[in-house]
Amino acid sequence: MNQNHYDVIIAGGGAAGLYAAINLPADARILLLTKRELSLCNTALAQGGIAGVYRSPEDKTTLHENDTYIAGGFQNNHKTVHMLVEEAAQDIGRIIELGVEFDKKEDGDYHRTLEGGHSRRRIFHHKDATGREIADKLRAYVQTLPNVEMKSDTLLCDVRKTKTGFSALTLHDGKYETVHSHFFIMATGGIGRVYEFTTNSAIATGDGIMFAYNMGAMIRGLSLIQFHPTAFNNRHTRECFLISEAVRGEGAYLLNCNYERFMQRYDDRLELAPRDVVSNAIVLESRRTGSDEFYLDITHKDPEEVKNRFPMIYNNLLEQGYDMTKDRIPIYPCQHYLMGGIQVNPASRTKVPNLYACGECSNTGVHGNNRLASNSLLEALVFSRHAAQDIAKKMPHAPENFEELEFNPHTDAQPVPHGIRTQLRHILQESYFVIPNAEKIQENFSKVCEILHDLEETPYLINQDYVEARSTATIAFLILNEALIEEKGA
Ligand SMILES: Cc1cc2nc3c(=O)[nH]c(=O)nc-3n(C[C@H](O)[C@H](O)[C@H](O)COP(=O)(O)OP(=O)(O)OC[C@H]3O[C@@H](n4cnc5c(N)ncnc54)[C@H](O)[C@@H]3O)c2cc1C
């Protein structure tokens, strides 16, 4: 094989990309790309944990399945939900074998925590930094695999379908390279950075969804966005630090600008209502009071217990000047998770032959209209393994040769103008945030189409700014388009 020929290229080094690499055949030559440093991804930010029925006699997969349907408004795909809950034990067991450590109780059994919407304690966690533990351990394992070449700070700039597979343009340290593969796995994560305020890491600009869309894959459910109600409200940074809902689970109160509890006006479950209900309540309460000042208050609980249960949250807030055992924490909803994405079947295949998608950029249908807390890390594991297993079956029949397409990165062209992404983020924030604004959606859709058309037609220099501007415009187009179609159908 030539140096730039691979059996499989994986775009993404979060839970989905890493676990796909682990499950591909040992003789597959694999290239795994991450846009920035290896540790920068949404996986590393996951606090709460991973849901699953694993060695718990008092729980049942049917209960997990039912909780997933209830959270998803019964709009979930039954086949994939069934796979998700039934195969959870297999994948949770495997990552434990690979070195992932979950918190245990004094008797040696796992400490399973409870989150909104779960009828049983079934969330495996590593303190309040579960995602980082999973990402670190899976990455360390992948780094020992001789068949996987991991390239960090390497941007996937473009990818096209060829007769034999795929050709892709990458950019590392100012140098462009063209690579080719028979199979391609998109594991590029979420879209949070298309909003002004999000819990997502800087890499989450929906690049993989844009590439898949441009290759003809079906994209579904992009308007199914989860807005987390309790992000730390520091309106100076785009990435909002998440205050896990487990803090409300442990008894924290939500307060309005007058320091009053207000959830009783909106839902009988008060602070323990699901995320979308709480986010809606905050926005409605903000309209009622005319203020967007909101707080989470856990100062009435034992300070030592709070520090011990939420060490990462406690320390992060302390760095921001808030001691959560003594101070009210300023919060406000922000973009958190994408339920939809690149449409895949249960084997994680897209409509484009040999193009796979898994993790947050994919739409397996498991979440329905709303994700059940802690089901996404599980989805990333189960369905990236499915992608790897499907590729393993097809690999012996892959062609011997590689058709090689060339790309023009327009190195002499002008860079994409400043301000496009800011404009698009503002458009989404004002038209499609928590409670969609029909008027603004109408008004902004044509602006988004114009921006996207300019990015597609003008030969700008291909670099990170260009790729992310084009992804942001494509995602904004897909969200608003879907919202308009839904509105017409309503
Ligand atoms: C703050 C926070 C808390 C969360 N808590 C939980 C939780 O408790 N439980 C749970 O189940 N889920 C949780 N989630 C959701 C969950 O973390 C994500 O859905 C999941 O980790 C996504 O994994 P992934 O592998 O699909 O994407 P990511 O982990 O985001 O990885 C994406 C990868 O794609 C790469 N990439 C992107 N674009 C390109 C490009 N153009 N070129 C090259 N590489 C590219 C990135 O570099 C990165 O390596 C949380 C999310 C956030 C943000």
Side-chain angles (χ1 to χ4, degrees), residues 8 10-12 14-25 28 50-54 61-95 182-190 208-209 212-213 215-222 224 337-372 374-398:
V8 189
I10 302 173
L18 292 168
Y19 202 58
I22 290 168
N23 283 284
L24 279 163
I50 179 165
V53 181
Y54 172 70
T61 53
T62 47
L63 295 174
H64 186 187
E65 189 166 352
N66 202 38
D67 292 343
T68 303
Y69 292 141
I70 292 170
F74 295 90
Q75 298 302 308
N76 325 57
N77 177 316
H78 287 222
K79 188 165 180 181
T80 50
V81 172
H82 192 70
M83 285 171 156
L84 180 86
V85 300
E86 289 300 328
E87 297 174 24
Q90 172 182 346
D91 291 309
I92 291 175
R94 181 82 201 282
I95 63 171
H182 289 134
F183 301 92
F184 203 104
I185 302 181
M186 285 298 175
T188 49
I209 298 176
Y213 177 67
M215 282 190 280
M218 221 148 40
I219 312 293
R220 283 278 186 275
L222 272 216
L224 296 174
Y337 183 78
L338 173 67
M339 264 77 71
I342 308 164
Q343 182 68 31
V344 289
N345 76 358
S348 300
R349 290 184 188 182
T350 72
K351 207 183 107 193
V352 178
N354 298 337
L355 175 67
Y356 292 75
C358 47
E360 195 169 336
C361 70
S362 69
N363 181 29
T364 59
V366 297
H367 305 302
N369 283 350
N370 205 357
R371 171 184 68 127
L372 179 66
S374 289
N375 262 356
S376 41
L377 283 171
L378 181 63
E379 180 199 31
L381 296 182
V382 169
F383 291 96
S384 61
R385 174 174 52 75
H386 283 212
Q389 289 170 336
D390 200 61
I391 291 174
K393 278 190 241 150
K394 287 202 213 166
M395 244 180 63
H397 314 290

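Positions are given from 1 along the sequence. No experiment lies behind these values; they were computed from the predicted model shown.
Between Cys361 and Gly189, the shortest heavy-atom contact is CB-O, 3.3 Å. Residue Ile10 comes nearest to Ala20 through the heavy atom pair CD1-CB, 4.2 Å, listed as atom of the first residue, atom of the second, then distance. Counting all heavy atoms, side chain and backbone alike, Ala217 lies closest to Leu355 at CB-CD2, 4.4 Å. Between Val344 and Ser362, the shortest heavy-atom contact is CG2-CB, 4.3 Å. Residues Gly208 and Met186 approach most closely at CA-SD, 3.7 Å, considering heavy atoms. Shortest non-hydrogen contact noted between Val382 and Met83 is CG1-O, 4.5 Å.
Residues meeting the ring pair (Phe, Tyr, Trp, His ring centres under 6.0 Å) test with Tyr54, sequence neighbours left out: Phe124. Contacts of Tyr337 classified as ring pair (Phe, Tyr, Trp, His ring centres under 6.0 Å), with partners at least two apart in sequence or in another chain: His367. Qualifying side chain to side chain contact (heavy atoms under 4.5 Å, CB included) partners for Asn23, counting only residues two or more places apart in sequence or in other chains: Tyr19, Arg94, Arg385, Ala388. In this structure Gln75 satisfies the side chain to side chain donor-acceptor pair (under 3.5 Å) test with no other residue, sequence neighbours excluded. Checked against ring pair (Phe, Tyr, Trp, His ring centres under 6.0 Å), Phe74 has no partners two or more places apart in sequence or in another chain. For the side chain to side chain contact (heavy atoms under 4.5 Å, CB included) test, residues two or more places apart in sequence or in another chain that qualify with Ala28 are Asp7, Pro25, Ile30, Met395. Every residue was checked against the side chain to side chain donor-acceptor pair (under 3.5 Å) condition with Ser348, not counting sequence neighbours, and none meets it. Residues meeting the side chain to side chain contact (heavy atoms under 4.5 Å, CB included) test with Ala51, sequence neighbours left out: His64, His118, Ile123, Ser374, Asn375. By the salt bridge (Lys or Arg N to Asp or Glu O under 4.0 Å) test, Glu65 pairs with no residue at all, sequence neighbours left out. Looking at residues two or more places apart in sequence or on another chain, you find no ring pair (Phe, Tyr, Trp, His ring centres under 6.0 Å) involving Tyr356. Under the salt bridge (Lys or Arg N to Asp or Glu O under 4.0 Å) criterion, Arg349 pairs with Asp390, sequence neighbours left out.
Residues Leu63 and Val85 form no side-chain contact, since every pair of their non-hydrogen atoms from C-beta on lies 4.5 Å or further apart. Side-chain contact between Asn370 and Met339 is present, with heavy atoms from C-beta onward closer than 4.5 Å. Put simply, the side chain of Leu381 reaches to within 4.5 Å of the side chain of Ile50, judged on heavy atoms. Leu84 places a side-chain heavy atom less than 4.5 Å from the side chain of Phe383. Residues Asn77 and Thr364 form no side-chain contact, since every pair of their non-hydrogen atoms from C-beta on lies 4.5 Å or further apart. Side chains of Thr62 and Asn66 form no contact here, defined as non-hydrogen atoms less than 4.5 Å apart. Side-chain contact check for Val8 versus Ile185: some heavy-atom pair is nearer than 4.5 Å. Between Asn345 and Thr350 there is no side-chain heavy-atom pair separated by less than 4.5 Å.
Within the structure, salt bridge (charged side-chain N to carboxylate O under 4.0 Å, His left out) contacts touching residues 355-368 (residues at least two apart or in different chains) do not occur.
Rounded to the nearest 0.5 angstrom, Met218 CE and Tyr213 OH are separated by 12.5 Å. Remark: Ile92 CD1 to Leu377 CG distance equals 10.0 Å, nearest 0.5 Å.
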side-chain contact (heavy atoms from CB on, under 4.5 Å) assessment of Ile391 paired with Leu24: CA-CA 7 Å; Ile391 291 174; Leu24 279 163; 3.8 Å; yes
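Although no hydrogens or angles enter the test, the distance criterion places no donor-acceptor pair under 3.5 Å between the side chain of Asn363 and the main chain of Ile219.
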